[in-house]
Amino acid sequence: MLLVMCNPLQQVLGVDGVNFSVHVENQTQVRDTMSRRQHRVYQLYSRTSGKHVQVLGRRISARGEDGDKYAQLVVEAATFGSQVRIRGKETNFYLCMNSRGKLVGKKASNRSDDCLFVEKVLENHYTALMSARYTDWYVGFNKRGRPRPGSRTQPNQQDGHFMKRFPPGEQPDLTTPFRFTTISKRGNRVRANGPR
């Protein structure tokens with residue numbers, strides 16, 4: 001009886017050959033509905049154009065100045081891994097990549113897997129955004145701030161390198177010193193002196 005009960009437990013835990021990389025890979029592909037959605041507001045600085053990515057309704061460009069209202073992006077974590085949806089704070093349109101690799105803006109009601117991207121932090125500390133639907137297609141812009149086709153942009157090209165920046169006035173205050181928390185040591189309990 002004990003052997004029968006342990007066998008399903010062994011199958012669930014996979015005690016013999018534990019491979020957590022497969023588990024993590026499977027979990028990054030599943031939508032996370034249990035966790036609280038994490039929303040961050042920042043600007044994406046394009047390395048090639050020297051400007052910030054803008055979501056101007058259906059049009060996408062990288063010509064925004066620092067602090068421009070259309071350059072403020074809300075990044076929503078979508079899954080267990082690093083999959084995100086990027087929405088323009090002012091226009092409420094999502095940054096998406098269609099089947100031809102063109103960057104387009106879609107309304108919140110029309111968002112789909114075209115609007116899902118994987119954030120990849122590169123060795124040079126820039127961020128590349130790969131389409132979750134079309135593998136190896138990356139978000140990229142040319143020198144003039146025009147979008148490049150996703151199929152022709154690679155993570156090793158500067159066209160697909162971005163730096164996350166806080167909008168002006170929303171930077172964290174780094175001048176205040178870090179406050180350490182004190183942990184009191186556990187002492188011996190004091191026993192009452194009396195008869196037992």
Side-chain angles (χ1 to χ4, degrees), residues 28-29 31 37-172 174:
T28 56
Q29 295 173 358
R31 300 289 178 265
R37 296 276 185 239
Q38 185 179 25
H39 299 281
R40 299 170 301 217
V41 177
Y42 56 72
Q43 303 175 114
L44 279 178
Y45 175 81
S46 173
R47 186 175 181 185
T48 51
S49 70
K51 304 282 184 174
H52 295 88
V53 175
Q54 293 179 308
V55 179
L56 304 163
R58 296 184 191 275
R59 238 174 5 113
I60 309 295
S61 73
R63 298 184 193 143
E65 295 294 331
D66 189 25
D68 184 18
K69 63 182 181 178
Y70 295 105
Q72 293 186 16
L73 306 174
V74 178
V75 179
E76 304 170 359
T79 62
F80 172 75
S82 57
Q83 292 187 358
V84 295
R85 294 185 193 277
I86 300 172
R87 177 173 52 91
K89 187 176 179 182
E90 184 71 20
T91 61
N92 212 26
F93 275 67
Y94 282 87
L95 173 70
C96 302
M97 186 178 290
N98 66 15
S99 60
R100 293 180 291 152
K102 182 179 178 184
L103 292 177
V104 293
K106 287 189 178 179
K107 290 184 180 179
S109 59
N110 292 344
R111 71 178 188 178
S112 63
D113 284 345
D114 294 345
C115 306
L116 201 58
F117 295 96
V118 177
E119 282 186 331
K120 292 188 173 186
V121 179
L122 305 173
E123 292 176 357
N124 58 3
H125 304 292
Y126 280 94
T127 302
L129 295 167
M130 182 182 76
S131 173
R133 185 171 192 177
Y134 308 106
T135 310
D136 294 331
W137 287 14
Y138 289 83
V139 175
F141 296 91
N142 64 16
K143 290 181 192 175
R144 294 182 183 162
R146 294 183 184 152
R148 287 196 51 169
S151 58
R152 289 200 259 152
T153 308
Q154 298 299 317
N156 58 351
Q157 297 172 337
Q158 289 186 4
D159 297 349
H161 293 183
F162 300 97
M163 186 181 299
K164 299 177 197 173
R165 299 179 67 193
F166 288 107
E170 294 191 28
Q171 286 94 358
L174 300 176

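For the numbers below, each heavy atom of this structure counts, side chains included, while hydrogens, waters and symmetry mates do not.
Contact record, Leu73 with Gly88: CD2-CA, 4.1 Å, taken as the closest heavy-atom pair. Nearest heavy-atom pair, Leu103 versus Gly140, reported as atom, atom and distance to 0.1 Å: CD1-O, 4.3 Å. Shortest non-hydrogen contact noted between Tyr138 and Lys120 is OH-NZ, 3.3 Å. Smallest separation of non-hydrogen atoms from Met130 and Asp136: SD-N, 3.5 Å. Thr153 and Val139 make their closest contact through CG2-O, 4.0 Å (heavy atoms, listed as atom of the first residue, atom of the second, distance). Nearest heavy atom pair, residue Ser99 against residue Trp137, reads O-CH2, 3.3 Å.
Panel note: side chain His161, backbone Gln157; a donor-acceptor pair is recorded below 3.5 Å. Formation of a donor-acceptor pair under 3.5 Å by the Arg85 side chain with backbone atoms of Ser112 is found in this model. Of the possible donor and acceptor atoms, none in the side chain of Gln72 sits under 3.5 Å from a partner among the backbone N and O of Glu90. For the pair Arg63 (side chain) and Arg144 (backbone), a donor-acceptor distance under 3.5 Å is present. The backbone N or O of Ala62 sits less than 3.5 Å from a side-chain atom of Ser49, completing a donor-acceptor pair. Side chain of Thr48 to backbone of Phe141: a donor-acceptor contact under 3.5 angstrom is found.
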| task | Using the side-chain contact (heavy atoms from CB on, under 4.5 Å) rule, take His52 and Asp68 through it: C-alpha gap first, then chi angles, then the decisive distance, then the call. | result | CA-CA 9 Å; His52 295 88; Asp68 184 18; over 6 Å; no
| message | If you apply the rule side-chain contact (heavy atoms from CB on, under 4.5 Å), what do you find for Met97 with Phe117, and how did you get there? | response | CA-CA 9 Å; Met97 186 178 290; Phe117 295 96; 4.3 Å; yes
| task | Evaluate side-chain contact (heavy atoms from CB on, under 4.5 Å) for Leu129 paired with Leu44, printing each intermediate quantity in order. | result | CA-CA 11 Å; Leu129 295 167; Leu44 279 178; 3.7 Å; yes
| said: Does Arg40 form a side-chain contact (heavy atoms from CB on, under 4.5 Å) with Val84? I'd like the steps, not just the answer. | reply: CA-CA 10 Å; Arg40 299 170 301 217; Val84 295; 4.0 Å; yes
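Atom CG of residue Asn98 and atom NZ of residue Lys106 lie 7.5 Å apart, to the nearest 0.5 angstrom. Atoms NZ and SG, on Lys107 and Cys96 in that order, are 13.0 Å from each other to the nearest 0.5 Å. In this structure, CG in Leu116 is found 11.0 Å from CG in Leu95, a value given to the nearest 0.5 Å. The structure places CD of Gln54 at 10.0 Å from OG1 of Thr91, a figure rounded to the nearest 0.5 Å. Note that CD1 of Ile86 and OH of Tyr42 are 6.0 Å apart. Values are rounded to the nearest 0.5 Å. One distance of note links CD of Glu119 with OG1 of Thr127; it measures 6.0 Å at 0.5 Å rounding.
Within the 4.5 Å cutoff, side-chain heavy atoms of Glu76 are placed close to those of Tyr94. Looking only at side-chain heavy atoms (C-beta outward), Glu123 and Pro155 stay at 4.5 Å or farther from each other. Between Leu56 and Phe93, the closest side-chain pair of non-hydrogen atoms is not below 4.5 Å. Side-chain contact between Asn92 and Arg87 is present, with heavy atoms from C-beta onward closer than 4.5 Å. Within the 4.5 Å cutoff, no side-chain heavy atoms of Lys164 are placed close to those of Val75.
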